[in-house]
Amino acid sequence: MTPGVQQVKKAGVVHTVHAYDHDPSSDAYGKEAAQKLGLPEDRVFKTLVVSLDGNALAVAVVPVASMLSMKGIARAAGARKAAMADKILVERTTGYVLGGVSPLGQRKRLTTYIDDSAQGFPTMFVSAGRRGLQIELSPQDLARLTQARFVPLCQ
């Protein structure tokens, strides 16, 4: 299993791992997960890594149907600017490949923010650390495991 799944198991958190056949030609990883698992797009969350003020990295967990507000993540982090982080840096820092970046079990723990819409669901789905693998757990457990804050992050 992936480091993300191992972290959840080690913590004794109630969860379910969902696998599906990833289409290598798809680059809309979160939307593909929602479609293949038969889930509404607002229940499946993507993990985005941003650069704050050009140096520090942070994680934003937002619904796959939504766009991340760069102003929103910058405001939440107390930064002036936010931009998507370089993909090579993302992979090196998290230990995951793009399309399979999980907020859990990252090589280097990054400050994490979860869109507050997640609190409206008993469970949410995030990448388990590999394309074609999602983990379902409560938003509160995800926040506790990642030491995340719930904030409005979507445009």
Side-chain angles (χ1 to χ4, degrees), residues 1-51 57-70 72-73 76-77 82 84-85 87 89-155:
M1 274 294 131
T2 67
V5 174
Q6 290 172 348
Q7 179 186 4
V8 171
K9 284 184 176 183
K10 185 177 178 182
V13 168
V14 175
H15 69 284
T16 306
V17 176
H18 300 270
Y20 61 92
D21 290 325
H22 166 63
D23 178 357
S25 67
S26 174
D27 61 356
Y29 306 108
K31 290 185 181 208
E32 177 193 27
Q35 179 187 19
K36 293 209 172 170
L37 294 174
L39 297 166
E41 290 183 359
D42 59 348
R43 290 269 321 272
V44 179
F45 287 69
K46 55 190 171 186
T47 305
L48 303 173
V49 180
V50 298
S51 173
L57 297 179
V59 172
V61 180
V62 298
V64 300
S66 300
M67 293 272 303
L68 172 63
S69 165
M70 292 299 169
I73 186 79
M84 293 304 297
K87 68 181 192 176
L89 183 59
V90 170
E91 291 179 349
R92 192 174 341 132
T93 304
T94 66
Y96 294 120
V97 299
L98 265 102
V101 176
S102 177
L104 299 157
Q106 295 178 356
R107 183 177 289 149
K108 179 181 177 191
R109 182 182 292 232
L110 299 173
T111 303
T112 302
Y113 303 91
I114 303 170
D115 185 67
D116 57 3
S117 68
Q119 294 177 293
F121 301 109
T123 61
M124 62 189 294
F125 295 76
V126 296
S127 175
R130 191 175 73 219
R131 294 174 186 165
L133 198 64
Q134 294 281 307
I135 189 165
E136 178 184 6
L137 71 169
S138 79
Q140 293 74 23
D141 283 335
L142 178 63
R144 184 173 52 80
L145 291 171
T146 60
Q147 298 177 351
R149 286 186 10 225
F150 291 102
V151 293
L153 292 174
C154 297
Q155 290 185 359

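Note that the structure is a prediction, hence the values are computed from the model and not measured.
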Checklist entry - For Leu98, does its backbone N or O pair with a side-chain atom of Glu91 as donor and acceptor, under 3.5 Å? => result yes
Next on the checklist: Check the orientation of Tyr29 and His22. Use parallel for under 30°, tilted for 30 to 60°, and perpendicular for over 60°.
Outcome noted: tilted
Next on the checklist: Tell me whether Ser102 contacts the main-chain N or O of Ser127 through its side chain, where contact means a donor paired with an acceptor under 3.5 Å.
Outcome noted: yes
Checklist entry - When you measure from the side chain of Gln7 to the backbone N and O of Leu145, does any donor-acceptor pair fall under 3.5 Å? => result yes
Checklist entry - Could you go step by step and tell me if Arg43 and Thr123 meet the side-chain hydrogen bond (donor to acceptor under 3.5 Å, both in side chains) rule? => result CA-CA 8 Å; Arg43 290 269 321 272; Thr123 61; 2.5 Å; yes
Item to check | Worked verdict on Val90 versus Leu48 for side chain to side chain contact (heavy atoms under 4.5 Å, CB included) | outcome: CA-CA 9 Å; Val90 170; Leu48 303 173; over 6 Å; no
Item to check | Shortest non-hydrogen separation from Ala60 to Leu153 and the atoms involved | outcome: CB-CD1, 4.1 Å
Item to check | Side chains of Met124 and Val61 in contact at under 4.5 Å (non-hydrogen atoms) | outcome: yes
Item to check | Heavy-atom side-chain contact between His15 and Lys9 under 4.5 Å | outcome: yes
Item to check | Which atom of Gln106 lies closest to which atom of Thr47, heavy atoms considered | outcome: NE2-CG2, 4.4 Å
Checklist entry - Of the non-hydrogen atoms in Phe150 and Asp115, which two are nearest, and what is the gap between them? => result CD2-O, 4.0 Å
Next on the checklist: I'd like to know if the side chain of Tyr96 reaches the main chain of Gly105, judged simply by a donor and an acceptor atom lying under 3.5 Å from each other, with no hydrogens or angles considered.
Outcome noted: yes
Item to check | Nearest non-hydrogen partners of Asp23 and Lys36, listed with the distance | outcome: N-NZ, 3.8 Å
Item to check | Nearest heavy atoms of Glu41 and Pro63, plus distance in Å | outcome: O-CB, 4.1 Å
Checklist entry - Is there side-chain contact between Leu137 and Val126, with at least one heavy-atom pair below 4.5 Å? => result yes
Checklist entry - Hey, is the main chain of Lys31 close enough, under 3.5 Å, to the side chain of Lys46 for a donor-acceptor pair? => result no
Checklist entry - Backbone N or O of Val59 within a donor-acceptor pair of the Thr112 side chain at under 3.5 Å? => result no
Checklist entry - What closest approach, in Å, do Asp21 and Glu32 show between heavy atoms, and which atom pair accounts for it? => result O-OE2, 3.9 Å
Item to check | Arg149 CZ to Tyr113 OH distance, which is reported to the nearest 0.5 Å | outcome: 5.0 Å
